[in-house]
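To start, the structure under review is shown below, and the notes come after it.
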2 protein chains.
Amino acid sequence: MNKKVSLKDIAQKVGVSTALVSYVLNDKRQNRVGKDLAKKIKKTATTLNYRPNQIAKSLKTNKTNTIGLIVADISNPFSSQIARAIEDEAEKNDYTVILGSSGENAEKSAKLINIFLERQVDGIIICPVENTQAQVRYLHKINIPFVLLDRYFPEVKANHVSVNNFGAAYMAVDHLIKQGYRNIGMIAYKTSLVHLQERTRGYIEALRNNKQSFKKSRLKELKMGCTQQEVEKAIDQLLKQPVDALFFTSNTLASCGIKYINKLHIQVPNDLGIVSFDETEAADLFYAPLTYIKQPIDEMGKQSLHILLDKISGKKKMITSNIDGELIVQRSSVLE
Amino acid sequence: MNKKVSLKDIAQKVGVSTALVSYVLNDKRQNRVGKDLAKKIKKTATTLNYRPNQIAKSLKTNKTNTIGLIVADISNPFSSQIARAIEDEAEKNDYTVILGSSGENAEKSAKLINIFLERQVDGIIICPVENTQAQVRYLHKINIPFVLLDRYFPEVKANHVSVNNFGAAYMAVDHLIKQGYRNIGMIAYKTSLVHLQERTRGYIEALRNNKQSFKKSRLKELKMGCTQQEVEKAIDQLLKQPVDALFFTSNTLASCGIKYINKLHIQVPNDLGIVSFDETEAADLFYAPLTYIKQPIDEMGKQSLHILLDKISGKKKMITSNIDGELIVQRSSVLE
DNA sequence: GTGAAAGCGCTAACAG
DNA sequence: CTGTTAGCGCTTTCAC
């Protein structure tokens, strides 16, 4: 095994103390050390191929320059894009990200938090899952910097960045109505997560403001992680009614939905208008490309990281950010 | 700021040395400590809400239980699924993963490797990008456990796990021929990466073994990261010839390709058969669901991790693994 | 200008 | 059975 070279090795070789080497290599107290000596130290470091040991540094400085990120489900493109955005930004700021996926499971989330804390991360970004309010409160209690992303709990105060879900859903449904659709159904999740409830609220409000009555039978609420079959059943039930448009509340639901609609040979957009919340790759590939709400993923990632960095550097004030989504209109919602 | 509690705090409170506390809390040398004392120590630990500091532990033991993972492009589902598979398996084995995405860029890859080494990861799994042979040799030289995943360099000996790309491509093209397609074009990458070249070799070999001549004009090689427009141009050029089937060498190319074919209103599978290497979400959504080669992603992730763990625990023998892909036949390649 | 020395939180070698 | 001590690699205070 190649012994790793440490400050000590350099110090011995040059014949100075480790402290001096540390100074030189970190460009600190430049005035404190002779130019020639500094040069010699730097040269020896490169010769020996010195690589600082971050672990030792972290132990000493009590700072790891690492943040923990918990996404809900890394196999969902939304999560992987979020992760990517955060990592990119973290790297620019000299931070490393350790990533965990909770799989919408509170226990797994707790376990990840524990791992992160043991590893002394400087801060945590979480897309919290249902029933993790206590975890969030705990983070608050132990006073570690953290930011909730995409989701939040109105009853637990915490820094968070999320999308204006209400506004985006409202925009989507309003668009359908303006296009001439009159009987809009919605496929959503049965959940305690407020950010999803907000989408339903947007749907209902848009109907009301356009003088369309909200019919409960047109709102199907499925459990998270539901199967293709369950989505199909919901669509069957909706299509028995005089429904001429569907609003899917997530990319996964939309993806399942259009696969089925494809099979049924229903004519989109003329027989059925469709809008989806969030993208699917499918969105473009469906014979009638899907109108969807584009979430500002990069922006969300960036903002959450910078809020976290602010917290880490000691800022106290609570920050919340609510970013607007964008409606991307394509063929699936435009009557021909 | 909540002061973190350390072994020392517990030791002081109970009135013993830190060493003893360490023994008890790690269940080591159980015979060495009295039952009552052990109980008292454990109780105090929970009361104080003690959480071991992994950083300190790592510094001492020279082991971080962390591995670094470099994928080529985290926004590609192939990468995120690989990452997920590896993380799942790592967690089961008490390892944490730090993830980086090279974006097919050698410099970025080098930078990530450096970060990983500074952070004293116990091992590294890499999906290497072009022109990173030197990096691989370096890892070998400094004697850190590592495994190449998905890709490898035949001229550089290293542990790796990959797909039998030749066999899978052969199977795909052979299937098309058996279905009655006679003029099969291929859209591939112009690259030095052998795993991709193997796919082309599979294509050519399958043609030859079926007594079909290989025509250079039917093989389009695009640069990695090419645009939708470039794919469209390649397809245009192929369709000018008497081509009745297309083999796409990656999910990205296939995804671009079928979007265009969709636009052109070409009848798949009757006017044009299609097979893709690797999945797209699109595969199922295209009006004629795509036949594709399913890569054994979970298996690849698992194997690479376990090979790495073997290396970490000191096994010397070089290990390479070549896993077969599977051809999933759907409508796009079956003449009606 | 320079360096000795303490110590971050932990484990393991070494006494009793 | 129980406990002490040294030291992992680094930074930083303080003394020269």
Side-chain angles (χ1 to χ4, degrees), chain A residues 1-42 44-45 48-66 94 117-122, chain B residues 1-42 44-45 48-66 94 117-122:
Chain A
M1 188 63 173
N2 276 347
K3 182 78 187 66
K4 279 172 189 153
V5 334
S6 69
L7 278 189
K8 207 166 145 190
D9 300 317
I10 301 175
Q12 277 174 354
K13 190 140 186 177
V14 181
V16 295
S17 73
T18 57
L20 204 49
V21 181
S22 172
Y23 286 141
V24 172
L25 263 29
N26 292 300
D27 280 327
K28 279 189 176 169
R29 302 268 211 291
Q30 305 179 319
N31 41 337
R32 282 188 48 157
V33 41
K35 262 197 174 173
D36 292 353
L37 191 55
K39 228 176 218 166
K40 195 170 172 194
I41 290 175
K42 278 186 180 161
T44 314
L48 294 182
N49 197 14
Y50 170 71
R51 197 190 312 276
N53 182 331
Q54 287 295 339
I55 297 288
K57 199 172 191 164
S58 295
L59 180 60
K60 181 68 190 176
T61 58
N62 210 15
K63 190 143 189 335
T64 54
N65 269 48
T66 301
D94 259 320
L117 291 178
E118 287 188 354
R119 287 177 182 266
Q120 316 295 122
V121 294
D122 294 336
Chain B
M1 187 62 171
N2 276 346
K3 181 78 187 64
K4 280 173 189 151
V5 335
S6 69
L7 281 188
K8 207 166 144 190
D9 300 317
I10 301 175
Q12 279 175 352
K13 189 139 187 177
V14 180
V16 295
S17 76
T18 59
L20 204 49
V21 180
S22 172
Y23 287 139
V24 172
L25 263 28
N26 291 300
D27 281 326
K28 279 190 178 169
R29 302 265 211 294
Q30 305 181 318
N31 43 336
R32 282 187 49 160
V33 40
K35 262 196 173 173
D36 291 352
L37 190 55
K39 228 175 218 167
K40 195 170 171 194
I41 290 175
K42 277 185 179 160
T44 316
L48 293 182
N49 197 15
Y50 170 71
R51 195 192 313 275
N53 182 331
Q54 288 295 339
I55 296 288
K57 198 172 190 164
S58 295
L59 179 61
K60 179 70 189 175
T61 59
N62 210 16
K63 191 146 189 331
T64 53
N65 270 46
T66 301
D94 259 322
L117 292 177
E118 288 188 353
R119 285 176 184 264
Q120 316 295 119
V121 295
D122 294 336

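Just so we're on the same page: letters track the sequence lines, and every chain starts at 1. Source: prediction; values computed, not measured.
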Atom-to-atom span, NZ of A:Lys40 to P of C:dT2 - whole angstrom: 12 Å
Mark yes when over 12 heavy atoms from residues, nucleotides or ligands other than B:Lys8 sit less than 6.0 Å from its NZ; otherwise mark no. no
Indicate yes or no: at least one non-hydrogen side-chain atom of B:Val21 is less than 4.5 angstrom from one of B:Val16. yes
Between P of D:dC10 and NZ of A:Lys8, the distance in whole Å: 11 Å
Looking at side-chain heavy atoms only, is the closest gap between B:Val5 and B:Asn49 below 4.5 Å? no
Length of the CD-C1' vector between A:Glu118 and C:dG9, whole Å: 13 Å
Side-chain contact test, heavy atoms from C-beta onward, threshold under 4.5 Å: evaluate it for B:Thr44 versus B:Lys39 and give yes or no. no
Given D:dT4, D:dC10, C:dG9, identify the nucleotide with an atom nearest to the side chain of A:Ser6. D:dC10
Classify B:Asn26 by what it touches in the nucleic acid, base, sugar-phosphate, or nothing, heavy-atom distance under 4.0 Å. sugar-phosphate
Looking only at the side chain of B:Thr18 (C-beta and beyond, no hydrogens), which of the listed nucleotides C:dA4, C:dT11, C:dA12 gets closest? C:dT11
Of the nucleotides D:dT12, D:dT11, D:dT4, which has the atom closest to the A:Tyr23 side chain? D:dT12
If an axis is fit to five pairs at each end of the helix from C:dG1-D:dC16 to C:dG16-D:dC1, what is the angle between the two, to the nearest 10°? 50°
Euclidean distance, atom CG of residue B:Asn62 to atom P of D:dA6 [Å, nearest integer]: 21 Å
Numerically ordered, the residues 48-60 of chain B set in heavy-atom contact under 4.0 Å with DNA chain C is B:Tyr50, B:Pro52, B:Asn53, B:Ala56, B:Lys57, B:Lys60
